[in-house]
Amino acid sequence: GAVVSQHPSWVICKSGTSVKIECRSLDFQATTMFWYRQFPKQSLMLMATSNEGSKATYEQGVEKDKFLINHASLTLSTLTVTSAHPEDSSFYICSASGQGRYGYTFGSGTRLTVV
Amino acid sequence: EDKVVQSPLSLVVHEGDTVTLNCSYEVTNFRSLLWYKQEKKAPTFLFMLTSSGIEKKSGRLSSILDKKELFSILNITATQTGDSAVYLCAVAGHAGNMLTFGGGTRLMVKP
């Protein structure tokens, strides 16, 4: 099945710094990648959808200048949390779709803690 | 706006019990409904349902979709402590392959 790799698994950063999270499709070309966020004891919420080579589409309430998404190749999308604050601490998960894969398989997730 | 509602919010059972988890949805241009199991990390895929009335089965887990009444159920028979997790239901609708998730059902299976 489709394999989506996400890195890092966890990261702790200081308030005000930026953090980059990578999402890779390992065995298919991902024309679309989805970024989700999950706060403790809550469900997954879609943050943004990125299509290869074009700007990401952000969901309402998600700041595009704070959560920078780059999808420059068919196998890699990155999410950069800029000027991170403690309230950005969350579990970030990506999924990818393309070549008949529907984006229903998730990466392993990244647990971000901002101190 | 697409909407997915799961019930119950949480459930505590004993090993060997059978549980039924519910998922109802309102979505524009329904494409598929998915069930996931989430323990401490990312959700793991269980089932994808696209057609009404066709049961999908994997071991002790099974699921079925009713597109007329807009709901799905996930059954787990002979529960084990390893079934303890949050079970998430998600629907793919009009906006491509993005998923709208329900709030999840937290299942705890006691020995």
Side-chain angles (χ1 to χ4, degrees), chain A residues 1-10 21 23 25 28 30-52 54 56-62 69 77 90-112, chain B residues 1-11 21-25 27-50 56 58 63 65 72 84-108:
Chain A
V3 178
V4 178
S5 171
Q6 189 172 341
H7 177 82
S9 297
W10 58 271
I21 301 169
C23 180
S25 57
F28 69 102
T31 49
T32 306
M33 287 196 176
F34 305 93
W35 288 96
Y36 296 83
R37 178 169 55 183
Q38 185 177 35
F39 291 110
K41 298 195 175 180
Q42 293 188 26
S43 194
L44 279 74
M45 297 293 293
L46 180 70
M47 297 175 66
T49 302
S50 72
N51 293 298
E52 185 265 337
S54 62
T57 302
Y58 290 82
E59 295 300 301
Q60 195 171 14
V62 178
I69 292 173
S77 175
S90 186
F91 192 50
Y92 293 87
I93 314 176
C94 68
S95 68
S97 71
Q99 288 189 301
R101 272 69 170 230
Y102 297 114
Y104 301 156
T105 301
F106 291 90
S108 55
T110 298
R111 189 164 299 285
L112 170 64
Chain B
E1 186 180 322
D2 296 348
K3 187 177 174 185
V4 180
V5 178
Q6 290 184 248
S7 64
L9 290 178
S10 64
L11 196 53
L21 310 183
N22 304 294
C23 176
S24 63
Y25 63 90
V27 63
T28 306
N29 296 329
F30 173 88
R31 295 179 60 162
S32 55
L33 183 145
L34 298 98
W35 284 97
Y36 292 89
K37 177 183 181 182
Q38 185 175 29
E39 296 173 89
K40 293 185 177 178
K41 289 205 166 182
T44 53
F45 173 84
L46 294 176
F47 297 111
M48 182 171 79
L49 303 157
T50 55
K56 293 242 176 156
S58 176
S63 183
L65 173 68
S72 174
S84 296
V86 175
Y87 290 83
L88 296 167
C89 171
V91 173
H94 71 288
N97 295 321
M98 58 157 276
L99 297 175
T100 299
F101 281 85
T105 294
R106 187 172 297 274
L107 173 66
M108 179 182 292

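Computed from a predicted structure; not experimentally measured. So that the names make sense, note that chain A is the first sequence line, chain B the second, and so on, each numbered from 1.
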Study note, to complete from the structure: Tightest non-hydrogen contact, residues B/Ala42 and A/Gly107, listed as CB-O, 3.0 Å
Study note, to complete from the structure: Greatest number of non-hydrogen atom pairs under 4.5 angstrom with chain A, of B/Thr100, B/Leu34, B/Val86, B/Leu88, falls to B/Leu34
Review point. Could you state the interatomic distance from CG (A/Leu46) to CE (B/Met98), rounded to the nearest 0.5 Å?
Key: 5.0 Å
Review point. Top residue by heavy-atom pair count (under 4.5 Å) with chain B, among A/Gln38, A/Met45, A/Arg111, A/Gln6?
Key: A/Gln38
Against chain A, label [X] side chain, backbone, both or neither, depending on which of its atoms sit under 4.5 Å from a heavy atom there.
X	result
B/Ser32	side chain
B/Gln38	side chain
B/Leu99	both

Point to revise | Parallel, tilted or perpendicular: ring planes of B/Tyr36 versus A/Phe106, cut at 30 and 60 degrees | key: perpendicular
Exercise for review: Please confirm whether the backbone N or O of B/Gly102 pairs with a side-chain atom of A/Ser43, one donor and one acceptor, at under 3.5 Å?
Suggested key: yes
Exercise for review: Name the region of A/Ser108, side chain, backbone, both or neither, that has any atom closer than 4.5 Å to a heavy atom of chain B.
Suggested key: backbone
